[in-house]
Amino acid sequence: MPELPEVEVTRLSFCDRIHGARVTGVRLGKPLRWPLGVPPDALVTRTVGEAARRGKYLWLPLEEAGQPAGGLLMHLGMSGSLAFSDAPGEAGTHDHFDLVTTRGTLRLTDPRRFGAVVWSPSRDDGMAAKLLAGLGLEPFDAAFDGAHLHAALRRRRVAIKLALLAGDIVVGAGNIYACEALFAAGIDPRTRSDRISRPRSERLAAAVRDTLGRALALGGSTLRDFRDAHGMEGRFQAQAQVYGRAGEPCRVCGTTIRRVVQGQRATFFCPHCQRR
DNA sequence: ATGGGTACCTGTCTGC
DNA sequence: TGCAGACAGGTACCCA
């Protein structure tokens with residue numbers, strides 16, 4: 001489900017409210033991708049710091065007596081969402097993690113359980129460091145530009161769509177936004193990465209930034225069940241040019257949008273507007 | 001190193 | 001109505 005815009009919208013929707021809260025309890029539901037890695041009660045009395053995002057991961061730092069005391073690395077997987085509320089109510093079948101604090105409860109709901117909540121002694125250590133290692137540049141980082149993208153793509157032969165999804169060149173674009181960014185850049189998703197010219201790399205880097213930025217401004221995409229931590233839906237999906245539109249006419253040229261499969265995942269593109 | 005495929009898990013939708 | 005099969009916003013891990 002959640003790509004960078006959805007994760008960032010989620011972070012922004014609860015960050016201020018939970019900042020400074022003291023943990024009073026932790027409830028675990030069914031197992032997620034990895035075990036928490038610490039006895040849940042060990043987190044009680046710790047204070048929550050400012051939530052940060054790296055790629056599609058969220059980092060919730062904890063403090064004890066004003067000193068850093070580890071934190072929680074969270075991932076929403078394909079179907080996860082976080083809700084923050086004063087009275088969360090009885091945990092349902094898909095509610096697998098509650099962080100109960102003096103200011104409210106942060107609850108992870110995740111039907112497919114591809115998501116994760118993992119304790120780590122710091123961002124740069126333990127499980128967090130392991131999972132964050134190898135992530136590419138943040139799309140809004142000034143270092144992510146056409147030159148950087150072009151240099152990275154020259155070393156790969158995989159299709160450009162798969163290179164974007166891999167997340168080791170640039171993070172944040174998942175299946176929806178990789179398709180949309182390639183449409184915006186006019187590039188056929190099946191094009192070999194090392195065949196993308198420097199000028200097209202410039203356009204693609206700008207398209208990735210622009211697509212993710214617009215989605216963020218619109219509160220992300222709600223295809224079926226994405227909500228921010230206060231239950232708000234995203235509005236980007238109505239602007240999708242290609243994603244989920246197979247068989248429909250391209251909004252620019254009227255050509256029928258095609259669907260192909262790459263790396264076992266659906267790719268949508270306009271065969272006229274997007275060229276190899 | 002790169003690339004391809006598999007695995008994890010549940011819900012929803014389609015077609016017979 | 002039941003049931004099988006395809007599909008879904010992600011990514012770690014294994015093998016060639």
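Residue numbering restarts at 1 for every chain, and letters A, B, ... go by the order of the sequence lines. Just so you know, these numbers use all the heavy atoms, side chains as well, and skip hydrogens, waters and symmetry mates.
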Checklist line | Any donor-acceptor N or O pair under 3.5 Å, side chains A:Asp95, A:Thr109 | finding: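 Yes - a donor-acceptor pair under 3.5 Å links their side chains.
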
Note to self: Side chains of A:Gln262 and A:Thr267 only: does a donor on one sit below 3.5 Å from an acceptor on the other?
What the structure shows: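 There is such a pair (donor and acceptor under 3.5 Å, judged by atom type) between the side chains of A:Gln262 and A:Thr267.
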
Starting the side chain at C-beta, find the nucleotide from [options] nearest to [X].
X	options	answer
A:His94	C:dA12, C:dA8, B:dG11	B:dG11
A:Arg157	B:dG3, B:dT10, C:dG10	B:dG3
A:Lys30	B:dG5, B:dT10, C:dA8	B:dT10

Next item on the list: Find the partner of B:dC9: check Watson-Crick (N1-N3 plus N6-O4 or O6-N4) and G-U wobble (N1-O2, O6-N3) distances, both under 3.5 Å, and reply none if neither fits.
Entry: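 Partner of B:dC9: none found under 3.5 Å.
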
Take the protein atom [atom1] of [X] and the nucleotide atom [atom2] of [N], then report the distance between them rounded to whole Å.
X	N	atom1	atom2	result
A:Tyr177	C:dG10	OH	C1'	14 Å
A:Leu164	C:dT11	CG	C1'	16 Å
A:Phe114	B:dA7	CZ	P	12 Å
A:Phe226	C:dG10	CZ	P	13 Å
A:Leu165	C:dG10	CG	P	7 Å
A:Arg265	C:dG10	CZ	C1'	6 Å
A:Asp225	C:dG10	CG	P	13 Å
A:Leu4	C:dG10	CG	P	11 Å

Looking only at side-chain N and O atoms, does [X] come under 4.0 Å of OP1 or OP2 in [N]?
X	N	answer
A:Lys130	C:dT11	no
A:Arg113	B:dT10	yes
A:His75	C:dT11	yes
A:Tyr57	C:dA12	yes
A:Arg259	C:dA8	yes
A:Arg33	C:dT11	no

Next item on the list: Classify the side chain of A:Arg155 and the base of B:dA1 as holding, or not holding, a donor-acceptor pair under 3.5 Å.
Entry: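 Answer is no: no donor-acceptor pair is held.
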
Checklist line | Carboxylate-amine/guanidinium contact A:Arg46 A:Glu63, below 4.0 Å | finding: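 Salt bridge absent between A:Arg46 and A:Glu63.
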
Check: Are A:Arg17 and A:Asp86 within salt-bridge range, i.e. N to O under 4.0 Å?
Finding: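 Yes, charged N to carboxylate O under 4.0 Å.
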
Next item on the list: Using the P atom on both, measure C:dC3 against B:dC9 and round to a whole Å.
Entry: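 Their P atoms lie roughly 23 Å apart.
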
Next item on the list: Classify the ring geometry between A:Tyr177 and A:Phe236 as parallel (under 30°), tilted (30 to 60°) or perpendicular (over 60°).
Entry: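 Ring orientation of A:Tyr177 relative to A:Phe236: perpendicular.
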
